[in-house]
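Computed over heavy atoms, backbone and side chain alike; hydrogens, waters and symmetry mates excluded. Computed from a predicted structure; not experimentally measured.
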Amino acid sequence: SLRKMAGQRTLGLNAIRSNPNIVGYSLTGMNDHVSCGEGLTTTFRELKPGTVDAMFEGFAPLRLCLFAEPVNVYRGTRVRFEAVLANEDALVPGEYPVRLLVVGPQNRRIFEKNVNVTIEKESPFVLPVFSEDIAVDGPSGRYRFLAALERGGAATGGETVFYVADPAEMPAVRADVVLAGDDAELAKWLGDRGIRCRALAAGETSQREVILVSKTPPAFEELWHRVENGATAVFLSLDVLRRGDQSLGWLPLANKGTTTPIRGWLYLKDEWAKRHPIFDGLPAGGLMDYTFYREIIPDTVLAGQDPPAEAVAGAIKASQDYSSGLMLAAHESGAGRFILNTLLIRENLGVHPVAERLLRNLLNYAAGQAKSTSRRRESP
């Protein structure tokens, strides 16, 4: 949690230093007064790992601020790369060559270009160096956008990270999916990717069903009947569970709990994800990476429910007060299961590869749970 601050400080300082409309910055919070967590040092005046380094580099008189957007894309997507030179009179007037690189896994070069920056006698503090949309056609993995002055100055910064995923490497979903509630767009998305899908209808029975609940409320009596008999239901939205004044009133739990916001702003929460089949092929086993999961992390968590069979992902806020909750949890009900989720999967489906990977993993995990339930019921 302490180490995470360095990356966030770097991101913020790059945004500030590259903005020509900002001429000053007031840094507050030297230490963690009132247990707020915002300081550069802890309450005991201990330096936070990496943070002092980030501040030293972020405030350097000469800095290359780099940006790549979006930060998580499918292979072949165009990414906007921007490089800005923050120069507080560190360079004398003249021409300065800047080398730009985009490298992928194993430092494979995707793009390379040399540009010149002109420093005049009275130059502004912020000088645009490069801005271009480039299609990134490379293998899945972590990529870096790099920049450096080739002579005349030693700028800090000069690096930012983004991620690429190859659609061909997405895991296949072989189970049939029962779609509960109306979501024509989701049904089309599943069909276009060869995932067999049919609507939930009364009268059908199967102990091995994988039921996907999306944006509109399903027939809950039928849904819970199926779950009780061995189906596994996956919820992409918890808004459908609202019943009267209860945000999760349709849950078949004695303690239904609530969905509650834990905002990720200055006093932020720490999101975590276990190593689990739902996160297969994704970074997990600790805090969730803010760059990799940026669009997927929600402000809403589950709190107050009966303990789940599996707590897969959640968030803890230990700043000023304490609050916590789950973002992904599996509950047992009768012979089946249901998986509650607040991650922003449905909202990013089709545009964010992590959303697709999570949905495929969820469906495959649900199929495995349904099959194991069926085997248990059939065994003597």
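- Between L238 and L302 the shortest side-chain heavy-atom distance falls below 4.5 Å.
- In this structure, the side chain of D32 does not engage the main chain of T42 through any donor-acceptor pair within 3.5 Å.
- Among residues two or more places apart in sequence or in another chain, the side chain to side chain donor-acceptor pair (under 3.5 Å) test is passed with Q246 by none.
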Under 3.5 Å, which donor-acceptor pairs do the side chains of residues 307-317 form with other protein atoms, sequence neighbours left out?
| unit_1 | atom_1 | unit_2 | atom_2 | d |
| --- | --- | --- | --- | --- |
| E310 | OE1 | R337 | NH1 | 2.8 |
| E310 | OE1 | Y365 | OH | 2.0 |
| E310 | OE2 | H276 | NE2 | 3.0 |
| K317 | NZ | S319 | O | 2.8 |
| K317 | NZ | D321 | OD1 | 2.8 |

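- Counting all heavy atoms, side chain and backbone alike, M170 lies closest to P353 at CE-O, 3.4 Å.
- In summary, E132 and K113 engage in a salt bridge, as defined by a charged side-chain N under 4.0 Å from a carboxylate O.
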Between E57 and R17, is the salt bridge (Lys or Arg N to Asp or Glu O under 4.0 Å) condition met? List the steps.
CA-CA 11 Å; E57 292 199 353; R17 294 292 303 279; over 6 Å; no

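- Remark: side-chain polar atoms of N31 are not paired, donor with acceptor, to backbone N or O of T43 under 3.5 angstrom.
- Ring planes of Y293 and F279: perpendicular class, angle over 60° (limits at 30 and 60°).
- Between the side chain of R196 and the backbone N or O of R174, at least one donor-acceptor pair lies under 3.5 Å.
- Between F67 and S18, the shortest heavy-atom distance links the atoms CZ-OG, 3.4 Å.
- A donor-acceptor pair is defined here as one N or O able to donate and one able to accept, closer than 3.5 Å; such a pair exists between the side chain of K48 and the backbone of G39.
- Residues T232 and Q369 have side chains that never bring a donor and an acceptor to within less than 3.5 angstrom of each other.
- Residue L236 is grouped with residue I297 when hydrophobic side chains (ILVMFWY) are merged at heavy-atom distances under 4.5 angstrom, including chains of intermediate members.
- Within the 3.5 Å criterion, the main-chain N or O of S140 finds no donor-acceptor partner in the side chain of D166.
- A centroid separation of 6.0 Å or more is found between the aromatic rings of Y143 and F111.
- Remark: the T118 side chain and the E95 side chain contain an N/O donor-acceptor pair separated by less than 3.5 Å.
- The pair R99-E112 meets the salt-bridge criterion, since a charged nitrogen lies less than 4.0 angstrom from a carboxylate oxygen.
- A donor-acceptor distance shorter than 3.5 angstrom exists from the side chain of T342 to the backbone of T300, with no hydrogens or angles considered.
- Of the possible donor and acceptor atoms, none in the side chain of R63 sits under 3.5 Å from a partner among the backbone N and O of F59.
- Under the 4.5 Å side-chain heavy-atom criterion for Ile, Leu, Val, Met, Phe, Trp and Tyr, V161 and V354 are members of the same hydrophobic cluster.
- Judged purely by atom type and a 3.5 angstrom limit, K256 has no side-chain atom pairing as donor or acceptor with the backbone of L248.
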One pair to check against salt bridge (Lys or Arg N to Asp or Glu O under 4.0 Å): K215 and D182. What are the steps and the verdict?
CA-CA 7 Å; K215 298 190 295 186; D182 296 324; over 6 Å; no

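- Put simply, the side chain of V351 does not reach to within 4.5 Å of the side chain of Y74, judged on heavy atoms.
- Enclosure of atom CZ in R3 is not indicated, since only 12 or fewer non-hydrogen atoms of other residues, nucleotides or ligands lie within 6.0 angstrom.
- The backbone N or O of W250 lies less than 3.5 Å from a partner atom in the side chain of W224, making a donor-acceptor pair.
- Counting only distance, with no hydrogens or angles, the side chain of R360 and the backbone of P171 share a donor-acceptor pair below 3.5 Å.
- At a threshold of 4.5 Å between side-chain heavy atoms, the hydrophobic network of Ile, Leu, Val, Met, Phe, Trp and Tyr places V92 and L127 in one connected group.
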